[in-house]
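Ligands are counted one by one from 1 in listed order, and the atoms in each one are counted from 1 as well. Numbers here simply count residues along the sequence, with the first being 1.
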Amino acid sequence: MQRNLIGGEICGEPGRSAAVYNPATGGVVEEVTVGSAGEVDAAVAAAVRALSERGWAENASLRSSVLYEWAKEIEAHLEELTWLLSLENGKLLSESEAELSATVDTLRFAAGQARTLEGRSLTLAPDLYGQVVLQPVGVVAVIVPWNWPVLLTLRELAPALAAGNTAVVKPAMEAPLTVMRVLEFAMEIPGFPAGVVNCVAGEGGEVGELLVSHPNVRMVSFTGSVQTGKKIMRSASECLKKVVLELGGKSPSIVFEDADLNKALAILVRGAYGTAGQNCMAVARILVQDTIFEEVEKRFVDLTESIKVGPGLDPTSKMGPVISERQLERIHTLVEQGLSSGGKLLAGGSRIEGGSMSKGCFYAPTVIAEMPLSSPAVQEEIFGPVVSLERFADEEEACALANGTPYGLVASVWTSDHNRAERVARRLEVGTVWINTYLKTFPEAESGGMKQSGLGRSRGRFGIYEYMEPKHIVSDIAEG
Ligand code: NAD
C-alpha cells in the first residue's frame, strides 16, 4: 500500500484506499491510500509550519543542496522507478526512463536556480532608495495529471521549493505510485525539513477541491485539462489565490513543400504516437502544403502502420496502451465524430483486441485526413494516438488553420527556408514553436500555453518567478 506523506510521516487512515491498475493488463499494481479532509488540513498545516521556520525560506544554500541530493537519490533508484512508472501508466520502459532522467535534470537545474535568485535596488529620488526583494508565495498546492506524472510534478515542485515555498502535492489517481515514491525519497535526505513537501492522494473532486479552496493554500499550480483548469480558476477566485495553469493542446505541425521530409516524418511520427499520443504536446494535426499532400499522406500512413503496439514492459513495443477504458472510449467517440464530419480514415480507427492485448486498453495508431476545421476531432484535444492530416495552399492559410482552434500550447514548422520559418513562428499563437524539430524541452527554457492552453509559464526564469512575490521596500534616509 502506498500511503500519504504529511509532516515527514508516512500515513493513511484505515479503510480508505483505492486500486491502481495496469492499463496493459487490467491487473492491480498496488493499492493507494485515499486522503480525507482531515489529512488535507494536516498536510497544509505541516506546510505552513515548515514555511514559518527560518531554516527553509531563508536558507537558499540548504534548498539548493537538498534538491541536488534528491536528484541523486532518484538517479540511484532509476531502474526500480522506471519499472513502476511503466506498470502504472502503461508507457514504454524507454519513455519512463526518459521521463525520470528529465526529472533528475529538472531538480539539478532548480538546485542551481535556488542560489541565483536576486532582487534589485533602485535610486528613486535623493535620499530615497528602493529594494525589490523576492519572497516565496507561501504554501503551494501542486496538482498533476497521470500522463507524465513524475516530470510534471517536479517541473512545478522543484522551482516552487527552490524559491522557498512549501507544498502539498496531489497526484492523479490513475498513476500516483511513482510520484509518491519519489516524494518519499526527499524524507531520506539529511537536512530536508519535514513538512516542506507533503502529499495527499485522492480524487480531484475531493482532495483536489479541498486543496484549491483551502484558506492557507496561497497558490495552485495545476497541470491538466482545460475543463478542470477553468473549474480551479473559478474556485481559486473565491479568495483570489494565485494560479498557474498548464493545460491541454491540439498542436499543429506545418510542413511546407521544401521541408526535408525524411527528417520531418521520422520525427513527427514519434511526436504523434509517443506515450500513445497522451501528451499535451503531441503532434495532433499535420498541415501539409497541397503540392506534397499525397506523398506525405502515403509516407505518414506507412510509418503509422509499421508501429508495433504492445505492453510498455515489452522492449520490442513501440507504442503502449492508453491509460483507461474511459480514455479509450473518449478517443473512439472523437474518431467517429471526425469521420462523420467528412474525414477519411487512412489507418487505425479502432481498439486492438486479441492475443496479449485482449485485457488492456490498446488503440490502434490512427490517421484521419481532410477533416474540416470545424470538426470536433480537429477542435478538441483527443489525447490519444490520433493524427489529423490537413491541406493548405500557402503561408497565409497555414497560419490561419494552425491558429484556428482554442488551444495554443506548441507548434512546429518544417521548411528549408529559414526566413519563412521565423515569419511563421512569430505568427503562431502558441507558447513554443519548434523549427525542423519537435518535443525539445529544457529546464532552462520557458514552456506554457496561450489561449485556452494555460496561464503563466513553467521552467526557465519566468517559471520560477511564478513562485515568488516581488516586494518593494522603500527607505527614506534623509535627516528630519
Ligand atoms: P484532469 O484535468 O482530469 O486531471 C488533472 C489533475 O487534476 C488530477 O490530479 C485530477 O485528480 C485533478 N482534478 C480533477 N478535478 C479537479 C478539481 N475539481 N479540483 C482540483 N483538482 C482536480 O486531467 P488528466 O486527464 O489527468 O490529464 C490530461 C490533461 O492534462 C490533458 O488535457 C493534457 O493536455 C493536460 N496536460 C497538460 C500539460 C501541460 O504542461 N500543459 C502536461 C500534461 C498534461
> Ignoring hydrogens and geometry, is there a side-chain-to-backbone donor-acceptor pair from Lys318 to Arg270 under 3.5 Å?
Replying inline: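 A pair under 3.5 Å: no.
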>> Any side-chain to backbone donor/acceptor pair from Asn89 onto Val322? Under 3.5 Å, distance only.
In response: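 Such a contact is absent between Asn89 side chain and Val322 backbone.
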Does [X], at its [atom1] atom, have more than 12 non-hydrogen atoms belonging to other residues, nucleotides or ligands within less than 6.0 Å?
{"X": "Lys242", "atom1": "NZ", "result": "yes"}
{"X": "Lys231", "atom1": "NZ", "result": "no"}
{"X": "Glu80", "atom1": "CD", "result": "yes"}
{"X": "Tyr21", "atom1": "OH", "result": "no"}
{"X": "Lys359", "atom1": "NZ", "result": "no"}

>> Out of Gly208, Pro149, Ser324, Gly248, who is nearest to atom 20 (C) of ligand 1 when you count heavy atoms only?
In response: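 Ranked by closest heavy atom to atom 20 (C) of ligand 1, first place is Gly208.
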> Does Glu381 approach ligand 1 within less than 4.0 angstrom via side chain, backbone, both or neither, non-hydrogen atoms only?
Replying inline: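 It is the side chain that gets close, since no backbone atom is under 4.0 Å.
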> For ligand 1, does Leu211 get within less than 4.0 Å through its side chain, its backbone, both, or neither, judged by non-hydrogen atoms?
Replying inline: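 Under 4.0 Å from ligand 1, Leu211 contributes no heavy atoms.
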Give yes or no for whether the N/O distance cutoff of 3.5 Å, strictly under, is met between [X] and ligand 1.
{"X": "Lys231", "answer": "no"}
{"X": "Phe383", "answer": "no"}
{"X": "Trp146", "answer": "yes"}
{"X": "Asn147", "answer": "no"}
{"X": "Pro145", "answer": "no"}
{"X": "Gly204", "answer": "yes"}
{"X": "Glu203", "answer": "no"}
{"X": "Glu209", "answer": "yes"}

For [atom], grab the closest protein heavy atom and report residue, atom and distance to one decimal in Å.
{"atom": "atom 11 (O) of ligand 1", "value": "Lys170 NZ, 3.0 Å"}
{"atom": "atom 7 (O) of ligand 1", "value": "Phe222 CE1, 3.1 Å"}
{"atom": "atom 6 (C) of ligand 1", "value": "Val144 O, 3.5 Å"}
{"atom": "atom 12 (C) of ligand 1", "value": "Ile143 CG2, 3.7 Å"}
{"atom": "atom 42 (C) of ligand 1", "value": "Cys280 SG, 3.0 Å"}
{"atom": "atom 35 (C) of ligand 1", "value": "Gly224 O, 3.2 Å"}
{"atom": "atom 37 (C) of ligand 1", "value": "Leu247 O, 3.2 Å"}
{"atom": "atom 16 (C) of ligand 1", "value": "Thr228 CG2, 3.3 Å"}

> Relative to the heavy atoms of Thr223, which atoms of ligand 1 are at a distance of less than 4.0 Å?
Replying inline: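 Per the distance check, 5 (C), 37 (C), 38 (C), 39 (C), 40 (O), 42 (C), 43 (C).
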> Can you list the atoms of ligand 1 that are under 4.0 Å from a heavy atom of Arg155?
Replying inline: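 Those atoms are 39 (C), 40 (O).
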Under a 4.0 Å threshold between the charged nitrogen and the carboxylate oxygen, would [Y] count as salt-bridged to [X]?
{"X": "Arg181", "Y": "Glu30", "value": "yes"}
{"X": "Arg461", "Y": "Glu446", "value": "no"}
{"X": "Glu380", "Y": "Lys250", "value": "no"}
{"X": "Glu246", "Y": "Arg457", "value": "no"}
{"X": "Arg330", "Y": "Glu325", "value": "no"}

>> Between Ser324 and Glu174, is there a side-chain donor-acceptor contact under 3.5 Å, judged purely by atom types and distance?
In response: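 Not at all, the side chains of Glu174 and Ser324 share no donor-acceptor pair under 3.5 Å.
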>> Could you check whether any heavy atom of Met281 sits closer than 4.0 Å to an atom of ligand 1, since that is the contact criterion I want to use?
In response: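 Contact check Met281 vs ligand 1: negative.
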> Less than 4.0 Å between atom 4 (O) of ligand 1 and some protein heavy atom, yes or no?
Replying inline: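 No.
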> Of the non-hydrogen atoms in Glu88 and Pro176, which two are nearest, and what is the gap between them?
Replying inline: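 Looking at all heavy atoms of both residues, the shortest contact is OE1-N, 3.1 Å.
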